[in-house]
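It should be emphasised that the depicted structure is a prediction, and the values quoted were computed from it without experimental measurement.
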Amino acid sequence: MLALIHNTFRERIRGKTFHVVAFIGMAIMLLVTTGDSNLMINGRKVSGFEQMVPVALSITGFVSGLLAVMVSLRTIPDEFERKTTHLVLVRGIKPWQYMFSLTVGNMLASLFCMLSFYVSLVVFCVAYGRPGLILPTFLCIIVMSINSLFLSAAVSVVSIRAPVYVAGVAGILVYAAGILHGVLDTLADTAQGVGAAAARILLFLTPDLSAVQQQASNILTGAPVDPGPVLATLLLLYLVLSLTFVLFRKEV
Amino acid sequence: MKAFRPIYLLIGVLLAAGVLVTSLRGLPGEDLVLYEKACTLEDGRLGQIWPGLSVSRYPVAIRKGNAEYVVFDGEVRKRKPVLPVIACTVYPDEDRIYILVPSKSVMDSVGQIVEGFSGSIEDFLIDRFSIEGKKMSESQYISILCHEAMHACQLSRWEEKIKALAEGIADPGIEARIEESESDPEIRAMYEKQADLLYRLVVSDEGMPDAEAVAEYIRTRKDTLALVSEKAGIDANAVESHADLYELLEGTARYVEAKTALALSDEELYGQYLHSLKETSFGKEKYYKSGMGICMLLDRLDPDWKQDMHAGSLSLAGLLENTGR
């Protein structure tokens, strides 16, 4: 299983799309942390390195979320298309071990991509003489990576049975619903009837990615961290990952 | 490989236990802290804002999700929501007056919904994707809690006064007709003039407001109401009762809200309340603002005006007219 995870990870990191998108993301990070931007938040101009750090982390979270979806999209369908599945299964590897390894490989590639963004931020923390920011930003990134890991796992699991484009759309929808979770929760609470019940079930199954981001922000600002949303997202990640034990394609 | 399954299972059990423990915590600590902060204002500061104003005297139902946490007498009791709405309001139940407010996290979301829909959708999305979302400040939340406490105070003390004003309105469709009339350019111009006069009176540096300027404001207000009555074809007394009722109920509550911000030493927030008077509003919101502005003027004209308000049957504008002479 470890060999399969390692192979998947290496293959994903080699991917051309990954490198192009990662390069664009890093370029954005460089512009944000170094440029004298005209960015305004709540009517106030945001300038100076320390003020730009949360902005850079927000961009990292956003780009990493999209990358997690893109990185995880094709891994499993490609294995079936190339008939690699057959070669792996005849060596005695069980289908669940195979799907689990591919999914974990995708998750690790998404994590790597997030950390690669973070490296450029570390460089700038040192360059601006703010090494004290390295630890809080690292903890912040680790918490934020839970969102990317969930998206990667969800897209991987959907791609076991569904076509690539369905998995992609599902990933984007889960990301949007997760980020707007608090707002959608409030709207669902004000609604009544069957639609409201369905909305509540869907929201129950979607992690509150926005709340996880908030905990990451609390680490950065030194505010109290609520472990609830982080644990809930990890539990959903666990459940999604467990689906790899039961899902497989009929054609091998 | 043999160890994989038990370890994987153990991770699942630990995560499930963690989620269960955190979900059993009930009302978030943040909401209780804010409630307690509001109660600390009862050290005399709330009494100065409005005689008899109190938060702890009433059970406060804080709604979060599908549950309501009633905080009263040092206890927190969980129950099913009594009202099927997410709103800040007060309601009588079991011989008590309850204050209903959504939890802070829900208020943050509601604020984002309102700002997202009324502001630009780009700002709303940028805010959602950033790690530090725009939120309601603690002072704002406490001020709103005190706004509702003022309504609870009104329900228990001004029942007769409210009943008399409500009877003067008679026609239940009057509100919609008044709002329709606000699209008339002449009426809009009058409301704008009225808001401008009040704003300048409230923010003026003079200790005592200029009597002539107060009289001009009162005249403009009367002319505006007369014009609304004429254009909307509604009885003049009904239009006046309508304005008086909402200025009394919501204007005093907004005044309490602004003064609470000041009591919390949040001068920036207090400044926002003052600045809001500058912008002309329509619908019920205009009464919130004009009522608040009149209260602020009365503070300077007569320090005992709140006692007169409790005792007499005059409206806010009536009191201003009498005091300003």
What about B/Y69 and B/Y35, are their ring centers closer than 6.0 Å?
->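 So the answer is no for these two rings.
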
Are B/F4 and A/W96 close enough that their ring centres sit under 6.0 Å apart?
->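 Centroid distance B/F4-A/W96: below 6.0 Å, so yes.
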
So which part of A/L241 gets closer than 4.5 Å to some heavy atom of chain B, the side chain, the backbone, both or neither?
->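 Answer is both: backbone and side chain atoms of A/L241 are under 4.5 Å from chain B.
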
Sort A/D226 into side chain, backbone, both or neither according to what part of it lies under 4.5 angstrom from a heavy atom of chain B.
->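 The side chain, not the backbone.
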
Contact origin within B/I11 toward chain A - heavy atom pairs under 4.5 Å |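 Both parts, backbone and side chain.
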
Would B/E68 and B/R63 pass as an ion pair if we require N to O under 4.0 Å?
->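 No, this pair does not count.
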
Is B/E285 salt-bridged to B/R254, going by a charged N under 4.0 Å from an acidic O?
->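 Salt bridge present between B/E285 and B/R254.
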
